[in-house]
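Down below is the structure, laid out as structure tokens.
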Amino acid sequence: MLWRRDMKNQNRTYMLEMETPLGKRRGVLNLILLGDSVSGDLTLFTRTAPILEGHCIGGRLTFQGEMKTLVGGLPYQASGILGEDSLKMEIHTARGHYLVRGTRREKGGA
């Protein structure tokens, strides 16, 4: 199901699967949707980072942040489509671009 107007003020958790050159990696995306603003955090490679400058307008999700790695910070930008129970996005970093798919943990809930 695609984006609906009543989906704008919610907390959501998505279980993620990301394609990498070394195989699939799993993670979690916690979203706080308030109007068109998005906050929360992203966990990938066992590290969690806050979402910065997030927006969701008409189901188009964009946000950025910086993952902490063993060799320093890795800034990223994410963009994609947010559905009621799923999401599909791309994450762009200086080290590559990654396709990420997510399934909502609490299906169809508020």
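Note: hydrogens, waters and symmetry copies are ignored here, and every other heavy atom, side chains too, is used. Bear in mind the structure is a predicted one, so any value in this text is a computation, not a measurement.
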Worksheet item: Who are the side-chain contact (heavy atoms from CB on, under 4.5 Å) partners of Leu52, not counting sequence neighbours?
Response: Gln64
Worksheet item: Where do Leu16 and Leu42 land on the side-chain contact (heavy atoms from CB on, under 4.5 Å) test, with the steps shown first?
Response: CA-CA 10 Å; Leu16 304 179; Leu42 173 65; 3.5 Å; yes
Worksheet item: With a cutoff of under 4.5 Å between side-chain heavy atoms, which Ile, Leu, Val, Met, Phe, Trp and Tyr residues group with Leu22?
Response: none
Anything under 3.5 Å between a donor and an acceptor, one on a side chain of residues 23-30, the other on a protein residue two or more places apart or in another chain? List them.
unit_1	atom_1	unit_2	atom_2	d
Lys24	NZ	Glu17	OE2	3.4
Arg26	NH1	Glu17	OE1	3.0
Arg26	NH2	Glu17	OE1	3.4
Asn30	OD1	Thr13	OG1	3.0
Asn30	ND2	Asp41	OD1	2.9

Worksheet item: Taking all atoms of both residues into account, what is the closest heavy-atom pair of Ala78 and Met89, and its distance?
Response: CB-SD, 4.1 Å
Worksheet item: Can you tell me how far the SG atom of Cys56 sits from the CZ atom of Phe63, to the nearest 0.5 Å?
Response: 10.5 Å
Worksheet item: CG/Leu61 to OG/Ser79 distance, rounded to the nearest 0.5 angstrom?
Response: 8.5 Å
Response to the item:
Taking every heavy atom of Val38 against every heavy atom of His55, the minimum-distance pair comes out as CG2-C, 3.6 Å
Practice prompt. Compare all side-chain heavy atoms of Leu31 with those of Leu82 and state whether any distance is below 4.5 angstrom.
Written response: yes
Worksheet entry | Set of residues satisfying ring-ring contact (aromatic ring centres under 6.0 Å, His included) with respect to His92, sequence neighbours excluded | His97
Practice prompt. Evaluate side-chain contact (heavy atoms from CB on, under 4.5 Å) for Glu90 paired with Val100, printing each intermediate quantity in order.
Written response: CA-CA 6 Å; Glu90 289 186 6; Val100 179; over 6 Å; no
Practice prompt. With sequence neighbours left out, write down each residue that passes side-chain contact (heavy atoms from CB on, under 4.5 Å) with Thr93, or none if nothing qualifies.
Written response: Leu74, Tyr76, Ile91, Arg95, Tyr98
Worksheet item: Distance from Ser37 atom OG to Ile51 atom CD1, nearest 0.5 Å?
Response: 12.0 Å
Practice prompt. Write down the atom of Arg104, the atom of Gln10, and the distance for their closest heavy-atom approach.
Written response: NH2-OE1, 3.5 Å
Worksheet item: Do Thr69 and Phe45 come close enough that some side-chain heavy atom pair is under 4.5 Å?
Response: no
Worksheet item: Heavy atoms, side chains only, cut-off 4.5 Å: are Asn11 and Leu33 in contact?
Response: no
Discussion item. Taking salt bridge (Lys or Arg N to Asp or Glu O under 4.0 Å) as the definition, give me every residue that meets it alongside Glu66, ordered by chain and number, with sequence neighbours left out.
Written reply: Lys68
Worksheet item: Any side-chain heavy-atom pair from Arg101 and Leu99 closer than 4.5 angstrom?
Response: yes
Fill in: Nearest atoms (heavy-atom pairs only) where Asp85 meets Tyr14
C-CE2, 4.1 Å
Discussion item. I want to check something: taking the side chain as every heavy atom from C-beta on, are Ser86 and Thr103 in contact at a cut-off of under 4.5 Å?
Written reply: no
